[in-house]
Amino acid sequence: MRTEFDVIVVGAGHAGCEAALASARMGMSTALFTINLDTIAQMSCNPAIGGLAKGQLVREIDALGGEMAKVTDETGIQFRMLNTKKGPAVHSPRAQADKKDYQLSMKKRLENQNNLLLRQEIVDDLIIFDKKVTGLIGQSGLEYKAKAVILTTGTFLKGLIHIGGFITTGGRIGELSSEKLSDALRRNGFEVGRLKTGTPPRLNGRTINYGTLTPQYGDPNPQPFSFSTESISRPQVPCYITYTNPATHKIVTSNLNRAPLYTGQIKSTGPRYCPSLEDKVVRFSEKDKHQIFLEPEGMNTLEVYCNGISTSMPHDVQEAIVHSIAGLESAEIVRYGYAIEYDFVPPTQLKPSLETKLVENLFHAGQINGTSGYEEAAAQGIMAGINAALKIQGKEPFVFDRSEAYIGVLIDDLVTKGTQEPYRMFTSRAEYRLLLRQDNADRRLMKYGYRYGLVSEQQWRKLQEKERVITEVLAYIDKKMTGPDTLRKILSRPDITYEHLLTIDDKLAQKSVSNEVKEQVEIEVKYKGYIERQQIQIEKFKKMEGSKIPSWLDYQNIPELRKEARQKLSQIRPISLGQASRISGVSPADISILMIYLAGKIKK
């Protein structure tokens, strides 16, 4: 029986899957522990991947060699590119996935991965010696040794489920929770907090009156998530739109005295940007309706997810709510909505590599860090997996800054600012989003995936050929004149596309150019001025990020700093002046003092 590994990953949700695959592919003997092997990569909430800013994360995971995008392409049942009426900086891909197919496809990839063992085991304790994790203890009593441990526990740490006055333990409804692991973290000095999230009821699609609803179809030519997928051939299905109404809202307000969110039964902070229906009705009382998306859970089930009415109201109230909505008057609820409270570990206790500051070789990824969403979790997972392998190999950690990737923005926000509520990624969080687009994630990040052995030689060569063609086309349109203007100048006009150029230049029309190359050329030409300005901003940003702060610095010995600044800097331990400048409570004056102090130390 194998009980010794290089890396053990605890939890097989979206973070755990990416972490385990990355670690194993980098040559580490890896074990992935999960409470239930049948729920690996389970979509606990809506059966969809991507969305605003989340789609960027998925494409970045793919560029690094992760699996989320590939599995989505294999199991997706509706693909849409969001925000296409706006500029390319905010275009975001999203796909409905077949929930069970996604789960089984990811599990199969894990089962087939060399260096990776799957094991059904609840973890109760960590083995820590001299502030370094050396293994863990399962509920079975077995001890497992590891050079690094990655915790990706999702909502399972002391999970507590609420439906009206009914309360039960569980990481998801009908599943066990992990009752001892967060106690182990507390014993070893970690601050542990509490958050809440929720999910809506699911319906039997056979009982929905689709004839009264508005269908929402996917794109006619669906764009794959993964840069390695040539096309999407799987049949596509529509979603449907309906709305709550004043009658729905009256049912909610009349029963707030039975709502766990308002009776004091739920004490934790929930997600600001994905609130429950009762929260929306109270907070936005001026609105007489809220949109609901009815999303199919798969091709081989009639179960439908009601996106927009997450709730923990009692069973009878949920029935009344659903039946008050157009198209759902006779709908049968097959699963009731619920809220879940769970432990998390505030992420300011992490280094940018996602290794904990208190315990060496212990990494955290996903909802344990206070995030919400499959995509945010998977992004942290692949970074934790890479960094655990690098730590064992004695190599420098792999850390993005905010100018390189949405993943860099996500992790920097978490470890620098922390979070008091479930964190969700938005395009507005990324200062350099014009350069961090979903369409160029491969050009930005695949070099790293290739460096760490996570991207195949074939995929790397494909990117090199793409870069060659982009360079060739840009050079050609720079020089080729048509009348008084170059083709580049013509393409820079708002009403002109790459396809227009093909009608006025035969040589360009004869070139074999993919749609991806055309898109890159068009964006680079049309947004040239904006891109150059953002690159200048990034150069200034890089100077601050490049001003490193030594790990031994004692901020208490800098009396010129304000007390709050000394406290915050001592807590976060920023690695650069740039990171220090983003800490809440640290002022520009504090940064100036710190710069002068460091300059003096360096001269000495």
Side-chain angles (χ1 to χ4, degrees), residues 38-39 41-49 51 72 74-80 94-105 161 163-164 166 172-175 198-220 222 232-245 247-249 251-252 255 274 276-278 289-339 374:
D38 293 329
T39 56
Q42 171 94 326
M43 290 182 166
S44 306
C45 208
N46 62 321
I49 296 293
T72 302
E74 183 180 306
T75 63
I77 57 178
Q78 187 197 99
F79 290 78
R80 293 178 65 217
R94 184 182 190 273
Q96 295 294 135
D98 187 304
K99 184 175 179 176
K100 281 295 176 188
D101 280 1
Y102 184 99
Q103 190 180 336
L104 292 173
S105 177
I161 291 167
I163 307 176
F166 171 74
R172 277 186 293 255
I173 195 78
E175 297 186 44
T199 193
R202 274 73 159 177
L203 310 179
N204 183 341
R206 181 176 57 82
T207 62
I208 295 173
N209 183 4
Y210 288 109
T212 64
L213 304 179
T214 304
Q216 182 187 63
Y217 297 97
D219 295 337
I232 301 297
S233 56
R234 189 181 173 100
Q236 305 292 288
V237 299
C239 296
Y240 289 85
I241 298 173
T242 186
Y243 296 87
T244 62
N245 54 61
T248 312
H249 298 184
I251 293 168
V252 171
N255 287 279
C274 188
S276 65
L277 176 61
E278 47 268 40
K289 66 178 182 178
H290 294 285
Q291 193 171 59
I292 302 168
F293 291 94
L294 299 178
E295 302 172 344
E297 297 230 333
M299 302 295 276
N300 296 305
T301 179
L302 292 178
E303 198 166 335
V304 173
Y305 179 91
C306 299
N307 192 338
I309 54 171
S310 173
T311 183
S312 58
M313 297 289 264
H315 300 87
D316 61 308
V317 179
Q318 291 193 38
E319 293 278 358
I321 286 170
V322 167
H323 296 149
S324 72
I325 296 167
L328 309 183
E329 293 88 350
S330 301
E332 294 175 356
I333 296 177
V334 296
R335 301 179 202 248
Y336 289 97
Y338 63 89
Y374 314 142

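Residues take their numbers from the sequence shown, with the count starting at 1.
A donor-acceptor contact shorter than 3.5 Å links the side chain of Gln236 to the backbone of Gln78. A distance-only check finds a donor-acceptor pair linking the side chain of Thr207 to the backbone of Glu332 [under 3.5 Å]. A distance-only check finds no donor-acceptor pair linking the side chain of Gln216 to the backbone of Ile241 [under 3.5 Å]. Judged purely by atom type and a 3.5 angstrom limit, Ser105 has no side-chain atom pairing as donor or acceptor with the backbone of Tyr102. Remark: side-chain polar atoms of Asn204 are not paired, donor with acceptor, to backbone N or O of Leu302 under 3.5 angstrom. At least one donor-acceptor pair under 3.5 Å links the side chain of Thr242 to the backbone N or O of Ala326. Under the 3.5 Å distance criterion, the side-chain polar atoms of Thr212 are matched with a main-chain donor or acceptor of Asn209.
In this structure, Asn255 and Ile251 approach most closely via the heavy-atom pair ND2-O, 2.7 Å. The two residues Arg94 and Ala48 come nearest to each other via the heavy atoms NH2-CB, 3.4 Å. For Thr75 against Arg234, the heavy-atom pair with the smallest separation is O-NE, 3.7 Å. Smallest separation of non-hydrogen atoms from Val322 and Ala331: CG1-CB, 4.1 Å. When all heavy atoms are compared, the tightest approach of Pro296 to Ile77 is O-CD1, 4.0 Å. Here the shortest heavy-atom pairing between Pro222 and Pro220 reads CD-O, 3.4 Å.
Proximity of Tyr305 to Thr199: side-chain heavy atoms (C-beta onward) are separated by under 4.5 Å at one or more points. Contact of the Thr301 side chain with the Lys100 side chain is not registered, since no non-hydrogen atoms from C-beta on lie closer than 4.5 Å. Using a 4.5 Å heavy-atom cutoff, the side chains of Asp219 and Phe79 are not in contact. You'll find the side chain of Met43 reaches within 4.5 Å of the side chain of Ile49, heavy atoms only. Tyr374 is listed as a side-chain neighbour of Asn46, based on a closest heavy-atom distance under 4.5 Å. Looking only at side-chain heavy atoms (C-beta outward), Leu203 and Ile333 come within less than 4.5 Å of each other. Side-chain contact check for Ile163 versus Gln318: some heavy-atom pair is nearer than 4.5 Å. In this structure, Ile173 and Arg335 have side chains that are not in contact, with every pair of non-hydrogen atoms separated by 4.5 Å or more.
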Go through the steps for Val252 and Thr311 under the test side-chain contact (heavy atoms from CB on, under 4.5 Å), then give the verdict.
CA-CA 10 Å; Val252 171; Thr311 183; over 6 Å; no
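The existence of a salt bridge linking Glu303 and Lys99 is excluded, since no basic side-chain nitrogen approaches an acidic carboxylate oxygen closer than 4.0 Å. Here Arg80 does not pair with Glu295 in a salt bridge; the nearest charged N to carboxylate O distance is not below 4.0 Å.
Rounded to the nearest 0.5 angstrom, Thr248 OG1 and His323 NE2 are separated by 12.0 Å. Here Glu278 contributes atom CD and Ile309 contributes atom CD1; the two are 10.5 Å apart, rounded to the nearest 0.5 Å. A distance of 10.0 Å separates CG in Leu294 from OH in Tyr240, rounded to the nearest 0.5 Å. Atom CG of residue Leu277 and atom CD1 of residue Ile292 lie 7.5 Å apart, to the nearest 0.5 angstrom. For the atom pair Cys306 SG and Arg202 CZ, the distance stands at 8.5 Å (nearest 0.5 Å). Rounding to the nearest 0.5 Å gives a distance of 11.0 Å between NE2 of His290 and CG of Asn245.
Ring-plane geometry between His315 and Tyr336 is classed as perpendicular, the angle between the planes exceeding 60 degrees on a 0 to 90 degree scale with a lower cut at 30.
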